[in-house]
A.B. asks: 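Here it is: the structure, laid out below.
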Protein chains: 2
Amino acid sequence: MIVRQAANVLEIMEFFAQSRKPATLAEIADHFGWPRSSTFNLLATLSEKGYLYEPRPRAGFYPTPRWLAMARMISEVEPLPPWTHQLISDLSAETGETASIVAPAGVMAVFIDVVESAAAIRYFATIGHRVPIHATASGRALLLQYSQEERDSVYRKIEFKQYGPSTPISIEAVETELRNSIARGYCQSFGDYSRDLAGAAIPLPIGDRRLSVVVAGPEFRIGPKVGEVAALIARTVDRLRPKASA
Amino acid sequence: MIVRQAANVLEIMEFFAQSRKPATLAEIADHFGWPRSSTFNLLATLSEKGYLYEPRPRAGFYPTPRWLAMARMISEVEPLPPWTHQLISDLSAETGETASIVAPAGVMAVFIDVVESAAAIRYFATIGHRVPIHATASGRALLLQYSQEERDSVYRKIEFKQYGPSTPISIEAVETELRNSIARGYCQSFGDYSRDLAGAAIPLPIGDRRLSVVVAGPEFRIGPKVGEVAALIARTVDRLRPKASA
DNA sequence: CAGATAAATTCACATATATGTACATCTTCC
DNA sequence: GGAAGATGTACATATATGTGAATTTATCTG
């Protein structure tokens, strides 16, 4: 069950992150199609907790820097080592595609760092974006780091859906693809989850964290050169990863 | 009316900001005394939206960097000019007390930047902290920047409460104190709102934003030297504020 | 400076929602 | 290796909560 008002808080914050200017109660209510009275309650709650204020009289609400302060506290624990951002930054520059660092979240994989392609037609992904762990290159690069038992436990929770023609729709199909990936030396996906999207990924264990790097873009651009891209990812990791670490 | 689940989202985030490590459903439920099933729904919602993930198997949930990315977007609009942080940083260093930048939020004043005193006994305030606009030095330094009509409009919404012996409990009392502040050249408060707390503040208009700076600490330390402190604030503002700006 | 219009706020009630209970799954310790 | 305990998940139901309508407050317009 989705908790509506919890989701609404996130929606409001995303709204401000996009619009980047103060908004009045009426504007927010209209934007979301929420009743004014409900919007009033929500804004009052956020204000009362010190997360929203009125920068200038009658110009509406805007988030206080408290969000930033809180997010900093949270993220300064185990931040990703700086070379991982360099990694996806270099990969994106060299391939012209979107490159990301991905982490597990149950049956999903979450993007925890992203450098977007500059191309007009590109894979649009943001930090926090989630994809099924079994039906994506990045996700399978995570699964490769699991033990058989851990994978089985994940499989039991997966609802196998036919997202596209090549989506693996059984445990056996996923396991087979994993074996192929090992043989091949990297994970790949051609529209397994998102139409027209192709990607190459490899596991990226950091300390005891299981992450992966992925480069993804439109099938017609990536398709012919998945192998090259995968090799580039591997080389770039080799170059940037400090020799001491695992 | 307070929106419970909206507040809960904030509570969870604050919880993580404090504990700074992943937490399981059970831990979170126990910490807040929430039923497991409700906690489950909340965590599921936050996860689904890409704000929570499971860094490692069975080790529980932790916020994704999405919070940080969003907070950055939001806060990079009209950030406070760097000299304002320098300002409170210098003030805190020189006085040994807590110094803050404060903005209006209806009948309240919000702390939007804070440098805490290093002293063991100190004014403990964080970004996002809110205080009544009429019963604090910092708040009154904001009111001084309002027109008479704007002040009247604020007064109508204030619930006058006797927070301490010196709290102004009528419009007239507030207006008198404002007149005294003008004559004196700065705003002050001696336990008007928080027991044993004293502070000195002056208005700090930046562009069309109405802000104020305040230095606050225990009455016994600040009391004897409010004048000095206020003068120091004024001098420091003069020194740091770029000459061009208002 | 009215009178009109739009925005913000309040409140009582129907309903969407949080939770108690039951079940499944995983972990631990003997 | 197996049983007890802890943790995570599903669902029906009573109740806390969101909302439509009414009221108050602010803002525009001629």
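Bear in mind the structure is a predicted one, so any value in this text is a computation, not a measurement. Quick note on labels: first sequence line is chain A, next is B, and so on, each numbered from 1.
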A.B. asks: Contact list please: residues 36-54 of chain B against DNA chain C, heavy atoms, distance less than 4.0 Å, in numerical order.
C.D. replies: B:S37, B:S38, B:N41
A.B. asks: Within the distance-only criterion (no hydrogens, no angle test), does the side chain of B:T45 pair as donor or acceptor with the backbone N or O of A:A7 below 3.5 angstrom?
C.D. replies: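 Not confirmed, B:T45 side chain does not pair with A:A7 backbone.
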A.B. asks: Relative to the 5' end of DNA chain C, which residue comes earlier, A:L25 or A:I2, by the nucleotide with the nearest heavy atom?
C.D. replies: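 So the residue in question is A:L25.
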A.B. asks: Does D:dT19 have OP1 or OP2 sitting under 4.0 Å from an N or O in the side chain of A:R4?
C.D. replies: yes
A.B. asks: Would you say the side-chain atoms of A:E11 and A:N8 include a donor-acceptor pair closer than 3.5 Å?
C.D. replies: no
A.B. asks: Round to the nearest Å and state the distance from A:E159 atom CD to D:dT9 atom P.
C.D. replies: 14 Å
A.B. asks: Closest-nucleotide mapping onto DNA chain C: is A:D152 or A:F61 further toward the 5' terminus? I mean the 5' end.
C.D. replies: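 Final value for this comparison: A:F61.
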A.B. asks: Could you tell me the separation between the CH2 atom of A:W34 and the P atom of C:dT9, rounded to a whole number of Å?
C.D. replies: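 These atoms are roughly 17 Å apart.
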A.B. asks: What integer distance in Å separates B:E149:CD from D:dA26:C1'?
C.D. replies: 13 Å
A.B. asks: Is it true that A:Y155 and A:H134 have ring centroids separated by less than 6.0 Å?
C.D. replies: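 Between A:Y155 and A:H134, the centre distance exceeds or equals 6.0 Å.
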A.B. asks: Nearest whole Å is fine: how far is D:dG8 P from B:D30 CG?
C.D. replies: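 The distance from CG of B:D30 to P of D:dG8 comes to 10 Å, rounded to the nearest Å.
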A.B. asks: With no hydrogens and no angle check, do the side chains of B:S153 and B:E149 hold a donor and an acceptor under 3.5 Å apart?
C.D. replies: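 The criterion, which ignores hydrogens and geometry beyond distance, is not satisfied for B:E149 and B:S153.
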A.B. asks: Between the main-chain N or O of A:A201 and the side-chain N or O of A:R140, is there a donor-acceptor pair closer than 3.5 Å?
C.D. replies: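 Side chain of A:R140 to backbone of A:A201: no pair is present.
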A.B. asks: Given D:dT7, C:dC26, D:dT25, which nucleotide is nearest the side-chain atoms of A:S153?
C.D. replies: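 The answer is C:dC26, which lies nearest to the side chain.
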A.B. asks: Hey, is the side chain of A:Q5 poking within less than 4.0 Å of OP1 or OP2 on D:dT17, counting only N and O atoms?
C.D. replies: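 Negative; the distance criterion is not met.
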A.B. asks: If you compare all heavy atoms of A:R130 against all heavy atoms of A:Y193, which two are closest, and at what distance to 0.1 Å?
C.D. replies: O-OH, 4.5 Å
A.B. asks: Of B:V3 and B:V154, whose nearest nucleotide on DNA chain D comes first from the 5' end?
C.D. replies: B:V3
A.B. asks: Tell me, do A:Y62 and B:V77 make a side-chain contact under 4.5 Å, heavy atoms counted?
C.D. replies: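 Yes, close enough: below the 4.5 Å cut-off.
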A.B. asks: Return the value, rounded to whole Å, for the distance between atom NZ of A:K157 and atom C1' of D:dA10.
C.D. replies: 14 Å
A.B. asks: State which of C:dC26, D:dT25, C:dT19 makes the closest approach to the side chain of B:P35.
C.D. replies: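 Side chain of B:P35 sits closest to C:dT19.
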A.B. asks: CG of B:N8 versus C1' of C:dT19: gap in Å, rounded?
C.D. replies: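 About 13 Å, once rounded to whole Å.
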